[in-house]
*Asks:* 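Dumping the structure here so I can ask a few things about it.
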Amino acid sequence: EEAGRFAGAIFAILLAVAGGLALLGVLAARPIVAFFVAGFLADAEAGLAVDRYELAVQAVRIIFPMTGILVLSAWSLGILNSHRRFFLPYVAPALWNMSMIAVLVFVGEPLLRSGSFGTAEMSRLLLAVCWGALLGGVLQFLVQLPTVLGLLRGFKVRLSTRVVGVRRALSAVGPALASRGVVQISGYLDQFLASFLAAGAVGALGYASRLYLLPIGLFAMSVAAAELPELSRMGGEDAESRVARASAGLRQMAFLTIPTGVGYFAFGLLLVSVIFQRGSVDAADTWLIFLVLSGYTLGLLPSTSSRLLVNVYYSMGDTATPARIAVFRLVTSASFGIGLMIWLDRLDLGQWLGEEAVGLRLGALGLALGSTVGAWVEWCLLYRSLRRRLAEMRLPLAAWGRMTGLALACAVVGLGVDHWLELSPHWLEAMIVLGLYAGTYLGVAGLLGFAEIKAWTSRSAA
């Protein structure tokens, strides 16, 4: 019952704060868009076919309420995770995606049949997807709510900080927000800077970051989410048990993250071309997206590992140390990103790819590399500081080396098959090559007795 009262108080606080911020976002959409993508302000004066500033303002006014609802969905996720319920809160976002797809089809199908599909229709589709996202956010929250309420006793929505545990939780919010939000803030900063670069930079960053964030969401967040309640339950247990648990988590993350990174380098161009090369995205744009993805991929291992290291701090009641390090990461990423962006934006892809790539510059790659430098700096500082508190803490470097060697060997096999294959449609070739690469890696790892395969099998079953 005490837990139920605590959950009710936190829900009331989140509802008030998220609701207030959502309302503020709707009312202040214009200055918000002007701040984050200042480069869009000149569209109207330039006489462009689409005024990106006005379109972004309309989208923001829809997305802010959606974000407020997703905050409540995250409240549900936290409660379910603490009860070792992981499947429902992590499958619920599928409703969010399905809602957007359904609205897109519903609105887009008549537009396509009409035979008239220009910039006005594209703008309409964009706003339709935003409305679909808002609807999906509501569904994502509601599908979790019955199970949450079934787990809670004494639940009562009450806006109060006097409920047991609330003040302690609120004192941890600021530092946790700083450390968890650094990735989002860094992404916003990259988008802001990219809006001043040559055409294509904003799109290349957006497309590349989707693929970059995929393994972080699938592999890093799944392990980190499952390990946080288990690490927290250890309480005052000996450091050796905590270290053993953290080390196993790092190996499980890396088992799938490392081959994903190697795969991005080896088959990234093929993957990007199959997924994104259509409509206004041509072969030259595909190269730019691939290069930006490669820049991000260099920081994939520290970005994923840091998620678990931060959770080790959280399990010991320390949210301040990761926050300080996260701020330093943000400053480092911005500093290196701006410098590399200015330098690389002088390079034109047309020098290597021909006339079709003239005008596409590499400034976006500089921002991706800046993000990578920041990720490595954060990872090193987190690990060094953790070693001072847990002297037994060691990185599983030998296991990481075996995984990297196996991934490289499998990539060579995949590249050989890719060079030999000439299939049409192109997506069929990609499926064969990527399937062969992944299957070979998992199969050989199983034959070699990698313990992480059993860990992922049991985790997936749970």
*Asks:* If we check salt bridge (Lys or Arg N to Asp or Glu O under 4.0 Å) with E227, which of these qualifies: R245, R251, R307?
*Replies:* R245

*Asks:* Are P215 and T304 close enough that some pair of their side-chain heavy atoms sits under 4.5 Å apart?
*Replies:* no

*Asks:* In terms of side-chain geometry, is the basic nitrogen of E1 or R153 positioned less than 4.0 Å from the acidic oxygen of its partner?
*Replies:* no

*Asks:* Given side chains that start at C-beta, do those of L386 and L309 come closer than 4.5 Å, heavy atoms only?
*Replies:* yes

*Asks:* Do N97 and M100 touch side chain to side chain, with heavy atoms closer than 4.5 Å?
*Replies:* yes

*Asks:* Counting only heavy atoms not in F267, do more than 12 fall under 6.0 Å of its CZ?
*Replies:* yes

*Asks:* Do Y437 and V413 come within less than 4.5 Å of each other through their side chains, counting heavy atoms only?
*Replies:* no

*Asks:* Side chains of S315 and R242: does their closest heavy-atom pair fall under 4.5 Å?
*Replies:* yes

*Asks:* At what distance, to the nearest 0.5 angstrom, does CG of L395 lie from CZ of R387?
*Replies:* 8.5 Å

*Asks:* Report the C-alpha separation of N81 and Y90 in whole Å, then their side-chain angles, then the decisive distance to 0.1 Å, and conclude whether the side-chain contact (heavy atoms from CB on, under 4.5 Å) test is met.
*Replies:* CA-CA 10 Å; N81 280 7; Y90 287 102; 3.2 Å; yes

*Asks:* Can you name the residues that form a side chain to side chain donor-acceptor pair (under 3.5 Å) with R210, not counting sequence neighbours?
*Replies:* none

*Asks:* Kindly compute the distance separating CG (L381) from CD1 (I325), expressed to the nearest 0.5 Å.
*Replies:* 5.0 Å

*Asks:* Could you tell me whether a side-chain N or O of Y264 sits under 3.5 Å from a main-chain N or O of L211, the two making a donor and an acceptor?
*Replies:* yes

*Asks:* Is the shortest distance from a Lys or Arg side-chain nitrogen in E230 or R84 to a carboxylate oxygen in the other one below 4.0 Å?
*Replies:* yes

*Asks:* Restricting to non-hydrogen atoms, name the atom on L344 and the atom on L362 that form the minimum distance, rounded to 0.1 Å.
*Replies:* CB-O, 3.3 Å

*Asks:* Is there side-chain contact between L406 and C410, with at least one heavy-atom pair below 4.5 Å?
*Replies:* yes

*Asks:* Might you point out which heavy atoms bring W96 and Q140 nearest each other, and give the distance in Å?
*Replies:* CB-OE1, 3.5 Å

*Asks:* Mind checking the CZ-CG spacing from F11 to L15? Nearest 0.5 Å is all I need.
*Replies:* 5.0 Å

*Asks:* Around atom CZ of F328, are there more than 12 heavy atoms from other residues, nucleotides or ligands closer than 6.0 Å?
*Replies:* no

*Asks:* Find the distance between OG (S73) and CD (Q144) and round it off to the nearest 0.5 Å.
*Replies:* 4.0 Å

